[in-house]
Structure formats: structure tokens, C-alpha cells
Amino acid sequence: MRGIKTFDTFRAVVKRAMSDPTPPDAILATGDLVQDETRAGYEHFRDALKSYNVPVYCIPGNHDAPDLMAEILNEPPFKVGGVVVQDNWALVLLDTHCRSDDGGRLTTAELRRLEDALDKHRAKHILIALHHHPIPMGSRWLDGVALRNADDFLNIVDGHPQVRGIIWGHVHQASDRRRNDARLMSTPSTCSQFLPNSDDFAVDSRTPGFRWLNLRNNGSIETEVLWLE
Ligand SMILES: [Fe+2]
């Protein structure tokens with residue numbers, strides 16, 4: 001894509017993360033796992049990750065084919081959507097995929113699933129993952145393909161103070177903001193990045209990257225973005 005072999009940069013990012021002195025307990029893949037929506041694309045994704053033998057939690061993005069994802073990433077270590085509970089935390093994986101739209105939408109059923117999960121896990125700290133940004137990034141072209149019903153989403157979140165973090169992909173850049181007690185974070189792409197605060201589409205010179213998350217027992221989130229050399 002635009003001169004980059006995205007499968008190579010993806011594997012380099014994963015290798016860098018997994019070779020850390022403290023390797024991760026899990027991988028969170030925040031959508032647009034493939035660009036071309038092919039079966040072979042998801043098989044490459046699966047085969048590149050399964051040997052690491054850590055859970056891979058996946059959500060679909062606008063460039064994904066949810067049916068193919070569900071079919072090919074259908075057994076451990078992969079999990080598409082749903083809720084993951086571990087120790088003091090619950091991770092809620094949301095589907096914002098909207099056919100024929102690069103923007104995202106949470107269906108009524110998905111909003112209800114979120115609310116049910118938050119009601120059920122009031123004693124847990126919550127991290128929510130979704131592909132599309134629920135707040136403006138300050139970039140006109142990107143904010144035109146955001147989460148279209150972000151108000152519905154944020155209304156539910158605001159009613160559940162145990163939500164500690166919301167994380168998304170889609171925007172190919174790092175950001176870290178706050179809303180009440182929740183941390184709102186975007187994660188860079190494993191391939192090229194988009195130039196922050198640009199009104200029109202523009203590629204940034206930053207290298208492929210990823211974000212560490214350390215979900216602490218007290219509900220705080222330690223996080224750091226790493227960029228490949
Ligand atoms: Fe996307």
C-alpha cells in the first residue's frame with residue numbers, strides 16, 4: 001500500500017512487541033486487519049499470530065469483511081467481539097462496521113450489548129475497544145468517517161464510571177485524551193500513519209507502531225506508544 005509492504009511491517013511490529021523482556025499477555029487488534037477483504041488476507045493474519053500462543057482479541061474495521069473474520073478467526077487464540085473478563089478488568093470488544101461506509105455505526109443491538117456488559121460488570125474496571133473514533137480527532141477528512149452515532153455511545157459510557165479506557169484504531173496516529181475518569185486513546189497503524197490535524201488526507205513520516213497497555217489492578221492504565229526504527 002502506497003509503497004509499503006504492509007504484511008512485512010505488520011510482522012515486524014508483532015515481532016518487536018513479542019520479543020520485549022516482558023512479552024504481552026494478549027494482543028488487541030483494533031480493526032482493518034486486512035485491506036483487500038480476502039480470505040487469504042485473514043489466513044496470513046492468522047498464521048502470523050497463532051504461533052505466539054497468546055490470545056488475540058479482534059474487532060472489525062471499515063476495511064474488514066466481518067463474515068470472513070468470524071469464519072477464519074473462529075478458534076483460540078483468536079476471539080472476535082464479545083467480552084473478556086480477567087482479574088479486575090473486563091474488556092468489551094465492539095463492532096462498528098457499517099457496510100458501504102468508511103465511517104462507523106453501533107447498531108441498536110450492539111449498543112444494548114455494551115450497556116448490558118457495563119451493567120453486569122459494575123465491579124470491574126472496563127476497557128472498551130472499537131475501530132472508529134468516538135470523539136473528533138481534529139482532522140476534517142478523518143472526522144468525516146468517525147463513529148456516526150458517537151453521542152449514543154458516549155451517553156452509555158458516561159453512565160458507567162467504571163469505564164477506565166476507550167481505545168480505537170482507524171485514525172493511524174497516536175493520541176491520548178481524557179473524558180471524565182476515562183482515558184481515550186488511539187493507536188498507530190502497523191503500516192503508514194496519517195498526519196495529525198490535517199484537514200485533507202496526508203501521510204505522516206512516522207514509522208509503523210503499536211501501543212502497550214498495562215491494565216493495573218487499581219483501575220489505572222499505563223500506556224506507551226512505540227515506533228519501529
Ligand atoms: Fe479504518
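As the structure lists them, so they are numbered: ligands from 1, and atoms in each ligand from 1.
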Please name the atom of [X], limited to N, O or S, that comes nearest to the Fe ion (ligand 1).
| X | value |
| --- | --- |
| Asp32 | OD2 |
| His131 | NE2 |
| His170 | ND1 |

TODO: Taking all non-hydrogen atoms of both residues into account, name the closest pair between Glu110 and Asp95 and its distance.
DONE: OE2-N, 2.8 Å
Task: Candidates Asn180, Ile126, Leu114, Ile156 - the one meeting side chain to side chain contact (heavy atoms under 4.5 Å, CB included) with Val163 - done: Ile126
- [ ] Name all residues meeting the side chain to side chain contact (heavy atoms under 4.5 Å, CB included) criterion together with Asp151; count only those two or more places apart in sequence or in a different chain, and write none if there are none.
- [x] none
Which atom pairs, one a donor and one an acceptor, fall under 3.5 Å between side chains of residues 56-74 and the rest of the protein, sequence neighbours left out?
| from | atom 1 | to | atom 2 | distance (Å) |
| --- | --- | --- | --- | --- |
| Asn62 | OD1 | His131 | NE2 | 3.0 |
| Asn62 | OD1 | His170 | ND1 | 3.1 |
| Asn62 | ND2 | Asp102 | OD1 | 3.0 |
| Asp64 | OD1 | Leu33 | N | 3.1 |
| Asp64 | OD1 | Tyr42 | OH | 2.7 |
| Asp64 | OD2 | Asp32 | N | 2.7 |
| Asp64 | OD2 | Leu33 | N | 3.3 |
| Asp64 | OD2 | Gly61 | N | 2.7 |
| Glu71 | OE1 | Arg39 | NH2 | 3.2 |
| Glu71 | OE2 | Arg39 | NH1 | 2.8 |
| Glu71 | OE2 | Arg39 | NH2 | 3.1 |
| Asn74 | ND2 | Glu71 | O | 3.4 |

